[in-house]
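Below you'll find the structure, written out as structure tokens, and then a few comments.
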Amino acid sequence: MITLTENADNADNPVLRRLIAAEIAQTGGRIPFARFMELALYAPEEGYYTSRVGLIGAKGDFYTAPHLTPAFGQLIARQLAEFWRRLGEPPKFQLVEMGAGQGLLASDILTHFYQQEKELWPGLSYTIVERSKSLQEGQRRRLLAVPDGATLLPKVSWRDLDEFEPGSVVGGCFSNELVDAFPVHLIQLVEGEWREVYVGLNPAGDFEEETGPLSTSSLATYFEAAHLDPTRYEEGYRTEINLAALDWMQQVAQVIAQGYILTIDYGYQAERRYHPRRQTGTLQTYNGHTVGDNPYLNVGHQDITAHIDFTALIKQGEAAGLKTEGFTTQMAFLGGLGIANLLLELSTSTKRPPKEVMAEYNALQRLINPTAMGNFGVLIQSKGVAAATAPLAGLSLSFI
Ligand SMILES: C[S@@+](CC[C@H](N)C(=O)[O-])C[C@H]1O[C@@H](n2cnc3c(N)ncnc32)[C@H](O)[C@@H]1O
């Protein structure tokens, strides 16, 4: 049995902590870790993502690519515009951004389309699928605050994924750092068998882990598919299983009639993701730009994430009728979309103050840094799209 208790510096949301403790008490004394993470991040109005707006960026807990530079959104927009062209320039083109955070990517993409894609713009609609109501409000405010906001906002609507008609989207569904934020099941090898990690309470009322039988047979199915054969792993090996990612993939595949799915996130293909040497898994917490590994601290005030298994998304997508267009790194993806030209333009720029040029150079460099964001995975899948002779621009260098 493992005990992970509060420490003296713990600064969690006491209402959320009580809410989780009450659910534990009401459900026989323990809940699967996945349920703990679900509540910690998304409990209505009290979870990490549902109770606040400014969690990303310099004043938040972590950075994402859109918070480094608008160039990220502009490069993504180039890829999305290529989707439109490959689809034969349909008069109505729908983009669906899933997990839009503070709305920076949306405002950068829409600004780019408004200014640079005059033919695509009239038929464009932009739907945001965002679980957190407080972030939805923040996204609306952000869109209104940008220079062309009053023109951009009418293009945007908010909708849950299960509110889309099946086979209704002609366009592209995309996300940046969404799937790593789904609640994961935690598993551990105990006496040669996979057991699930549950969260209970010790006599002092602190969260306490214990292992038990698998809470759902879907985990055993996943072990088979990902070749998580217990004999390959050492006693105590711990890792995360993102079952929510599979349901999500299936739902996204269903809503598309014709188009592409672009997924950017940290993670690897299964063999690397579940390598026997990755003994303690990939679960991480982010609080005030400090990375940690204890999800029971700062409950409701820190992000909890796990690296994603791209192989699972690929297989699930193919089972749901998607074609895998390719998988690459963010560095190669942005390379294919022309980030080198942006760097070149910057180095010959005489109009901007040197300080500003340096800041933009650093931001672009961070997007492609091979030891950080540059090593993120980029997966593109498609449905109902005619085969093309050349790869998509972002997949000029694909690893599958
Ligand atoms: C790590 S943030 C990334 C935000 C943004 N994409 C960015 O790059 O800055 C994860 C986002 O996904 C949202 N989210 C998590 N689960 C979701 C779900 N099932 N459906 C829609 N949005 C979700 C969170 O509320 C949050 O906005």
Side-chain angles (χ1 to χ4, degrees), residues 34 37-73 75-77 80 95-110 126-143 157-164 173-184 242-252 255 261-267 284-287 289 291 300 302-308 313 330 334 363 366-367 372-373 376-378:
M37 184 165 164
E38 165 92 23
L39 292 168
L41 298 184
Y42 305 108
E45 286 162 38
E46 299 296 341
Y48 176 74
Y49 281 104
T50 42
S51 64
R52 44 173 67 203
V53 175
L55 27 91
I56 314 173
K59 292 187 185 146
D61 295 310
F62 54 91
Y63 273 100
T64 58
H67 286 256
L68 293 176
T69 163
F72 182 71
L75 292 165
I76 300 285
L80 301 174
L95 289 174
V96 181
E97 183 184 354
M98 298 162 288
Q102 288 166 220
L104 272 72
L105 188 56
S107 56
D108 294 337
I109 289 173
L110 283 161
Y126 197 103
T127 310
I128 294 181
V129 175
E130 170 54 60
R131 186 166 184 184
S132 160
K133 295 277 177 253
S134 57
L135 285 175
Q136 283 184 16
E137 200 35 53
Q139 290 154 12
R140 195 172 280 112
R141 280 205 301 273
R142 162 77 199 178
L143 280 158
S157 60
W158 283 261
R159 205 187 297 174
D160 288 344
L161 213 42
D162 55 17
E163 290 170 349
F164 283 80
C173 297
F174 64 101
S175 62
N176 183 57
E177 294 202 34
L178 164 74
V179 183
D180 73 78
F182 290 166
V184 289
N242 194 336
L243 295 179
L246 302 184
D247 294 341
W248 168 80
M249 187 81 267
Q250 182 137 10
Q251 255 191 311
V252 181
V255 307
I261 302 170
L262 163 65
T263 307
I264 306 175
D265 217 319
Y266 40 91
Q284 284 180 325
T285 61
Y286 287 87
N287 177 249
H289 296 278
V291 186
Q302 67 178 8
D303 193 16
I304 310 174
T305 85
H307 282 47
I308 76 170
L313 290 188
Q330 181 165 306
L334 297 180
R366 281 178 73 180
L367 291 181
M373 279 186 196
F376 281 17
V378 180

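Along the sequence shown, the residues carry numbers beginning at 1. Just so you know, these numbers come straight off a predicted model, no measurement behind them. Counting convention: from 1, in listed order, for ligands and their atoms alike.
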Considering only non-hydrogen protein atoms, determine which one is nearest to atom 20 (N) of ligand 1 and report residue, atom name and distance to 0.1 Å.
Arg131 CB, 3.9 Å
Shortest reach to atom 27 (O) of ligand 1 by a heavy atom, considering only Gln139, Gln102, Glu130, Lys133
Glu130
Pairs of nitrogen or oxygen atoms closer than 3.5 Å, one from Thr64 and one from ligand 1: do any exist?
yes
Min N/O separation Asn176 to ligand 1 under 3.5 Å:
yes
Per-atom filter on ligand 1: closer than 4.0 angstrom to a heavy atom of Leu135 are 25 (O), 26 (C), 27 (O)
Can you report which non-hydrogen protein atom sits closest to atom 19 (N) of ligand 1, along with the distance?
Phe182 CE2, 3.6 Å
How far is atom 5 (C) of ligand 1 from its nearest protein heavy atom, and which residue and atom is that?
Gly99 O, 3.5 Å
Could you tell me whether a side-chain N or O of Gln330 sits under 3.5 Å from a main-chain N or O of Leu367, the two making a donor and an acceptor?
yes
I need the Asn176 CG to Phe376 CZ distance, nearest 0.5 Å.
7.5 Å
Measuring from atom 14 (N) of ligand 1, which candidate in Asp247, Leu178, Asp303 has the nearest non-hydrogen atom?
Leu178
Which atoms of ligand 1 have any heavy atom of Tyr49 under 4.0 Å away?
1 (C), 2 (S), 24 (C), 25 (O), 26 (C)
Determine whether Trp248 and Thr263 satisfy the following criterion, side chain to side chain contact (heavy atoms under 4.5 Å, CB included), listing intermediate values before the conclusion.
CA-CA 12 Å; Trp248 168 80; Thr263 307; 3.7 Å; yes
Determine the interplanar angle of the Phe62 and Tyr48 rings, folded into 0 to 90°, and report it as parallel if under 30°, tilted if 30 to 60°, perpendicular if over 60°.
tilted
Identify the closest protein heavy atom to atom 10 (C) of ligand 1: which residue and atom is it, and at what distance?
Glu177 O, 3.4 Å
Where is the nearest protein heavy atom to atom 16 (N) of ligand 1: which residue, which atom, and how far?
Tyr42 OH, 3.5 Å
Any donor and acceptor pair, going by atom type alone, linking the side chain of Glu46 with main-chain N or O of Ser51 inside 3.5 Å?
no
Residue-level breakdown please: for Pro66 versus ligand 1, do any non-hydrogen atoms fall below 4.0 Å on the side chain, on the backbone, on both, or on neither?
side chain
Is a side-chain donor or acceptor of Asp265 paired with a backbone partner of Asp180 at a separation under 3.5 angstrom?
yes
Gly101 versus ligand 1: do any nitrogen or oxygen atoms come within less than 3.5 Å of each other?
yes
Would you check if the side chain of Ser132 reaches a backbone N or O of Tyr49 as a donor-acceptor pair within less than 3.5 Å?
yes
Sorted by chain and number, sequence neighbours left out, salt bridge (charged side-chain N to carboxylate O under 4.0 Å, His left out) with Arg131 holds for Glu38
At under 4.0 Å between heavy atoms, is it the side chain or the backbone of Ile56 that contacts ligand 1, or both, or neither?
side chain
Are any side-chain N or O atoms of Gln102 and backbone N or O atoms of Gly138, one a donor and one an acceptor, separated by less than 3.5 Å?
no
